[in-house]
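Here's the structure we're looking at; comments come further down.
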Amino acid sequence: MRWRTTRPAVLAAVTALSLAVAGCGGGEEPPASGPVEITLWHGQAGVAAKSIEKLVARFNKGDHGIKVRSESGGVTPDGMLPKITAALTSDAYPDIAYLYGSWAPNVARNPKTADLTEFVKNPAVGWSDFWAGEREAATIEGKVIGFPAVVDNMVVLYNKRMFARAGVQEPGPDWTWEDFRAAARKTTDAKKGVFGTTWPISGGEEAVWGLWPLVWQNGGDILSPDHKKAVFNSAAGQKALGLLRDMAVDDKSIYLDSTAAEKSQKLFESDRIGMFLSGPWVLPDLQAAKLDYGVAQLPGTAGNHETVSGPDNWVVFQHDERRVKAAAEFLSWLTSAERQLEWMIDTGSLPIRESISKLPGYQDYLKKYPGIEVISANLANAKRVRPPTTKYPRVSSFVAEAIAQALLGRSDVKTALDEAVRKSEAALAVPGS
């Protein structure tokens, strides 16, 4: 049976979890002196930040003996890994931080990362109710380092008004990258500052993760199975980046965004970009902007519409056992089905628990976000994950540089990818890094 939460069940789960973890960590603990205070770095902005702050405030009003101090951490999720890495060299690190699932191997090896393996075995947590891919992303070599935070996937959001004005047919289920390129060309009017689509050249993962579906659809991969060699400069990789380069340099239909997609989203909302590759987290913003948008799965290659998904985590860090227990208790509450449905209705996020779809308010969620059912169904097209290795962030940074060089017309595709492979393999060859 899957775990399903009610309000009494949440309270029971919190109590059961507290009892379950009371003996973990070894040794007697100092007497409690008032509420346990923990810090959460959520990295969210806009609607998502308001939602998480609202939930934290509600938790703090409860009789949990825990007070959560919530803040962004001064960065967006894209910048959280270097922020945490620097913080862990001192005592100025949080108890909980929002981190991309692809970074789990990097943080798991740090001795200050807590081990929640025993905590999540308690039935009150409902660990098996999380999707298998999420549990896998939070578990490194048998060690559970946190709770699932978000599951997502990349789709194409398109501006219906711009498509209609340009006489472009809206995407169908069988559309291809050739269709995508043609639609981008037809909706571009560079003289008016209007572009068919956009691509980040900010140097972060935002620039990279959209390239991988193109590589995978063409039969390529990122690294070799043993993670010792970089292989993204294959013919498949060159074809993938070549398409983007041709659109940016020859067609001039791509707006190159140096702000990690923040500016391009605003341009999309204001009828100046026709297609935006993103995920469910932007839907509340699009609705607030009153944009007439549509949602389509990624274009396909020979019928393959493979996409990329990235389960993200709430990672827990060790200060003392009392704070680790408090963090686990808070996350058990935050990730309960009812709390998550509230978060989903606020933000447009996808369900992280199987039981959420059985809650009475789930149909209201579907009605609120037209197209969300397309994004949810698109999880079936997320067949591969980014390499779960500590070296991936370094590899990603080199690929981001290659993308920028190619799209800006400063390098041909092969040269840019070959250079990224050379740097990647140098990083892959360094033991323990």
Side-chain angles (χ1 to χ4, degrees), residues 1-14 17 44 47-48 51-52 54-55 58-59 98 101 120 122-139 144 146-157 173 278-287 293-298 305-314 330-383 385:
M1 285 184 65
R2 296 301 187 185
W3 181 59
R4 182 172 175 175
T5 301
T6 61
R7 290 183 192 279
V10 169
L11 295 176
V14 166
L17 182 63
Q44 307 299 309
V47 172
S51 183
I52 192 69
K54 175 184 68 175
L55 290 168
R58 186 182 310 155
F59 179 84
Y98 183 102
V120 302
N122 190 286
V125 176
W127 189 244
S128 63
D129 193 29
F130 292 107
W131 303 109
E134 296 171 314
R135 300 196 305 267
E136 181 182 350
T139 307
V144 177
F147 281 63
V150 165
V151 63
D152 56 37
N153 64 80
M154 178 172 278
V155 293
V156 175
L157 301 155
S278 193
W281 58 89
V282 302
L283 296 187
D285 295 328
L286 303 187
Q287 292 192 339
Y293 68 88
V295 183
Q297 64 182 352
L298 290 187
H305 294 270
E306 188 164 359
T307 188
V308 61
S309 177
D312 299 337
N313 297 319
W314 294 113
F330 167 69
L331 290 175
S332 181
W333 180 90
L334 181 67
T335 62
S336 66
E338 285 187 341
R339 298 293 79 73
Q340 283 302 298
L341 180 57
E342 187 171 351
W343 162 265
M344 288 161 54
I345 290 173
D346 284 347
T347 65
S349 293
L350 301 181
I352 63 171
R353 288 183 178 271
E354 184 177 351
S355 63
I356 293 173
S357 63
K358 300 178 178 66
L359 294 179
Y362 185 70
Q363 294 304 314
D364 295 332
Y365 158 77
L366 294 178
K367 291 175 184 175
K368 181 175 180 180
Y369 295 106
I372 196 71
E373 69 280 0
V374 176
I375 306 176
S376 184
N378 197 44
L379 285 169
N381 287 319
K383 301 170 185 176
V385 298

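Hydrogens, waters and symmetry mates play no part in the numbers below; they use all other heavy atoms, side chains included. The shown structure was predicted, so the numbers you read here are calculated from the model rather than taken from an experiment.
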| task | Working to the nearest 0.5 Å, report the span between OG of Ser357 and CG of Leu350. | result | 12.0 Å
| When you measure from the side chain of Arg353 to the backbone N and O of Gln340, does any donor-acceptor pair fall under 3.5 Å? | no
| said: Let me confirm one number: the CG-NE2 distance from Leu298 to His305, rounded to the nearest 0.5 Å. | reply: 9.0 Å
| task | State which residues pass side-chain contact (heavy atoms from CB on, under 4.5 Å) with Asp285; sequence neighbours excluded, sorted by chain then number. | result | Val47, Gln265, Glu269
| CZ/Phe130 to OG1/Thr335 distance, rounded to the nearest 0.5 angstrom? | 3.5 Å
Considering only distance and modelled atom types, tabulate donor-acceptor pairs under 3.5 Å from the side chains of residues 368-378, sequence neighbours left out.
from, atom 1, to, atom 2, distance (Å)
Lys368, NZ, Ile345, O, 2.8
Tyr369, OH, Ile345, O, 2.4
Tyr369, OH, Asp346, O, 3.2
Tyr369, OH, Gly348, N, 3.4
Glu373, OE1, Gly371, N, 3.4
Asn378, OD1, Asn381, ND2, 2.8
Asn378, ND2, Asn153, OD1, 2.7
Asn378, ND2, Met154, O, 3.1

| query | In Å, rounded to the nearest 0.5 Å, how long is the span from OG of Ser332 to CZ of Arg339? | reply | 11.5 Å
| task | Provide the closest heavy-atom pair for Ser349 versus Pro280 in the form atom of the first, atom of the second, distance. | result | CA-CB, 4.5 Å
| query | Do Asn313 side-chain atoms and Gly101 backbone N/O form a donor-acceptor pair below 3.5 Å? | reply | no
| Can you name the closest pair of heavy atoms from Ile352 and Ala149 and give their distance? | CG2-O, 3.9 Å
| Would Val150 and Tyr98 satisfy side chain to side chain contact (heavy atoms under 4.5 Å, CB included), going step by step from the backbone distance to the final call? | CA-CA 10 Å; Val150 165; Tyr98 183 102; 3.5 Å; yes
| remark: Residues Ala337 and Ser355: closest non-hydrogen pair is CB-OG, 3.7 Å
| note | Here the pair of heavy atoms bringing Trp343 nearest to Ser51 is CE3-OG, 3.5 Å
| query | What are the two closest heavy atoms between Pro351 and Met344, and how far apart are they? | reply | CA-SD, 3.6 Å
| request: Go through the steps for Asp152 and Asp312 under the test side chain to side chain contact (heavy atoms under 4.5 Å, CB included), then give the verdict. | output: CA-CA 9 Å; Asp152 56 37; Asp312 299 337; 4.2 Å; yes
| request: Specify the closest pair of heavy atoms between Leu55 and Trp333, including all atoms of both residues, with the distance to one decimal. | output: O-CH2, 3.3 Å
| said: Just verifying a value: how many Å separate Glu338 CD and Glu342 CD, rounded to the nearest 0.5 Å? | reply: 9.0 Å
| task | For side chain to side chain contact (heavy atoms under 4.5 Å, CB included), just list the numbers for Ser278 and Val155, CA-CA rounded to whole Å, side-chain angles, deciding distance to a tenth of an Å, and then say yes or no. | result | CA-CA 6 Å; Ser278 193; Val155 293; over 6 Å; no
| task | Report the distance from atom OG1 of Thr347 to atom OH of Tyr365, rounding to the nearest 0.5 Å. | result | 7.5 Å
| Yes or no on side chain to side chain contact (heavy atoms under 4.5 Å, CB included) for Trp127 and Val144, after CA distance, side-chain angles and deciding distance? | CA-CA 11 Å; Trp127 189 244; Val144 177; 3.8 Å; yes
